[in-house]
Amino acid sequence: MNGQQIVYDYLQQLDIPFEYYEHPEAPTIEIASQFYRGEGTTLCKNLFFRNHKGNRHYLVIMESTRAMDIHAIEHKLHQGKLSFASPERMMKYLGVRPGSVSLFALLNDTNHEVTLFVDKALLDAEKVSFHPNLNTASLVISKNDMLKFIEHIGNPYEFLDLYDESAE
C-alpha cells in the first residue's frame with residue numbers, strides 16, 4: 001500500500017479499520033477531488049501553518065469544500081499572524097512533503113510540537129478521508145475513529161467553528 005508504514009501500523013494498533021484507494025498523485029485539494037469517492041465521506045483539507053516568529057506550528061483540518069481564508073483562520077485561532085510553513089519545516093515537523101500533509105502526519109511529530117485545530121463541521125461527517133502521508137492514496141475512516149486517533153496521538157488539539165454559518 002502507498003503511504004508511510006507508520007500510518008498503517010498505528011491504525012492497526014488502535015484497531016481502526018479503513019478503506020484504501022490508490023489514485024494518481026493529488027498534491028492539491030482540487031486535484032484530489034477529481035479522484036474523490038463520495039460514498040458518505042467528507043474529503044478533508046489539511047493546512048500547515050507557522051506563526052510570525054516561526055516558533056509555533058499548526059495543522060488545520062477542515063472540509064475540502066470550505067474556502068481557505070487565512071485572515072479568518074488567524075482570527076479564529078488567536079495565534080497571531082500566520083503563514084504557510086515552508087517545505088523544510090513541513091518535513092522537519094510532520095515528515096511529509098507539500099501535497100501529502102494530513103492528520104496522519106502528526107505521527108511523525110514525536111515531540112508533539114504541532115497544535116491541531118479541527119473545524120467543528122467535521123463532527124457532522126460520517127466518514128473522513130486523508131492521505132496516508134503520501135498523495136497517491138487516500139484512506140477513509142469513520143469520524144469516531146478520527147476522534148480516537150486525535151485523542152491517542154498526544155498533540156495538543158482544539159475543535160473550533162472555523163466558519164460562522166451566518167458569514168457565508
Side-chain angles (χ1 to χ4, degrees), residues 1-11 14 16 18 20-36 42-119 122 128-141 146-147 149-160 162-163:
M1 288 189 284
N2 294 346
Q4 293 179 340
Q5 188 60 43
I6 190 173
V7 174
Y8 301 109
D9 292 345
Y10 199 79
L11 294 176
L14 290 179
I16 294 177
F18 58 86
Y20 171 84
Y21 301 102
E22 284 186 21
H23 49 70
E25 187 174 0
T28 66
I29 202 68
E30 293 78 20
I31 295 171
S33 65
Q34 295 173 21
F35 309 113
Y36 172 61
T42 299
L43 183 61
C44 296
K45 186 183 302 187
N46 306 269
L47 306 168
F48 186 54
F49 295 107
R50 59 171 274 227
N51 68 351
H52 183 67
K53 292 181 181 179
N55 62 349
R56 305 276 317 261
H57 297 84
Y58 313 96
L59 179 59
V60 178
I61 298 174
M62 66 184 77
E63 291 182 13
S64 66
T65 57
R66 303 285 189 160
M68 197 286 295
D69 179 347
I70 194 165
H71 299 298
I73 291 173
E74 287 172 344
H75 178 73
K76 291 287 187 171
L77 300 186
H78 304 289
Q79 301 295 318
K81 184 169 172 45
L82 300 177
S83 60
F84 286 105
S86 68
E88 294 78 20
R89 284 178 188 269
M90 187 178 291
M91 184 56 72
K92 177 181 178 181
Y93 291 97
L94 296 178
V96 297
R97 292 190 170 91
S100 292
V101 69
S102 80
L103 173 66
F104 301 132
L106 292 175
L107 288 166
N108 296 316
D109 179 24
T110 56
N111 294 324
H112 309 297
E113 296 179 74
V114 176
T115 300
L116 173 65
F117 290 103
V118 181
D119 186 358
L122 289 178
V128 290
S129 178
F130 300 98
H131 290 312
N133 297 345
L134 185 67
N135 63 21
T136 57
S138 294
L139 301 183
V140 175
I141 61 174
M146 175 187 73
L147 298 174
F149 180 92
I150 291 170
E151 192 67 35
H152 281 85
I153 196 64
N155 287 69
Y157 68 91
E158 189 174 341
F159 290 90
L160 295 174
L162 290 179
Y163 293 89

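FYI, side chains are in, hydrogens and waters are out, and symmetry mates aren't considered; it's all heavy atoms of this structure. Computed from a predicted model, the values in this text were never measured in an experiment.
In this structure, Glu74 contributes its side chain and Lys81 its backbone to no donor-acceptor pair below 3.5 Å. Remark: the backbone N or O of Ile61 is not paired with any side-chain donor or acceptor of Asp119 at under 3.5 angstrom. In terms of modelled atom types and a separation under 3.5 Å, the side chain of His57 and the main chain of Thr115 share no donor-acceptor contact. With hydrogens and angles ignored, the 3.5 Å screen pairs a side-chain donor or acceptor of Ser100 with a backbone N or O of Asn135. In this structure, the side chain of Asn155 engages the main chain of Val114 through a donor-acceptor pair within 3.5 Å.
Remark: Ser86 engages Glu88, Arg89 in a side chain to side chain contact (heavy atoms under 4.5 Å, CB included) (not counting sequence neighbours). With sequence neighbours left out, Met1 forms a side chain to side chain contact (heavy atoms under 4.5 Å, CB included) with Tyr8, Phe18, Tyr20. Remark: Asp9 pairs with Gln5 by the side-chain hydrogen bond (donor to acceptor under 3.5 Å, both in side chains) rule, at least two apart or across chains. Under the side-chain hydrogen bond (donor to acceptor under 3.5 Å, both in side chains) criterion, Tyr58 pairs with Gln79, not counting sequence neighbours. With sequence neighbours excluded, the residues satisfying side chain to side chain contact (heavy atoms under 4.5 Å, CB included) with Phe84 are Leu47, Phe49, Met68. Listed by chain and number, the residues in a ring pair (Phe, Tyr, Trp, His ring centres under 6.0 Å) with Phe104 are Phe130, Phe149 (sequence neighbours excluded).
Within the model, atoms CZ of Phe117 and CE of Met62 stand 12.0 Å from one another, a figure rounded to the nearest 0.5 Å. With rounding to the nearest 0.5 angstrom, the CD atom of Glu113 is 10.5 Å from the CG atom of Asn55.
A donor atom on one side chain and an acceptor atom on the other are found under 3.5 Å apart for Ser138 and His23.
The closest side-chain heavy-atom distance from Leu122 to Cys44 is below 4.5 Å.
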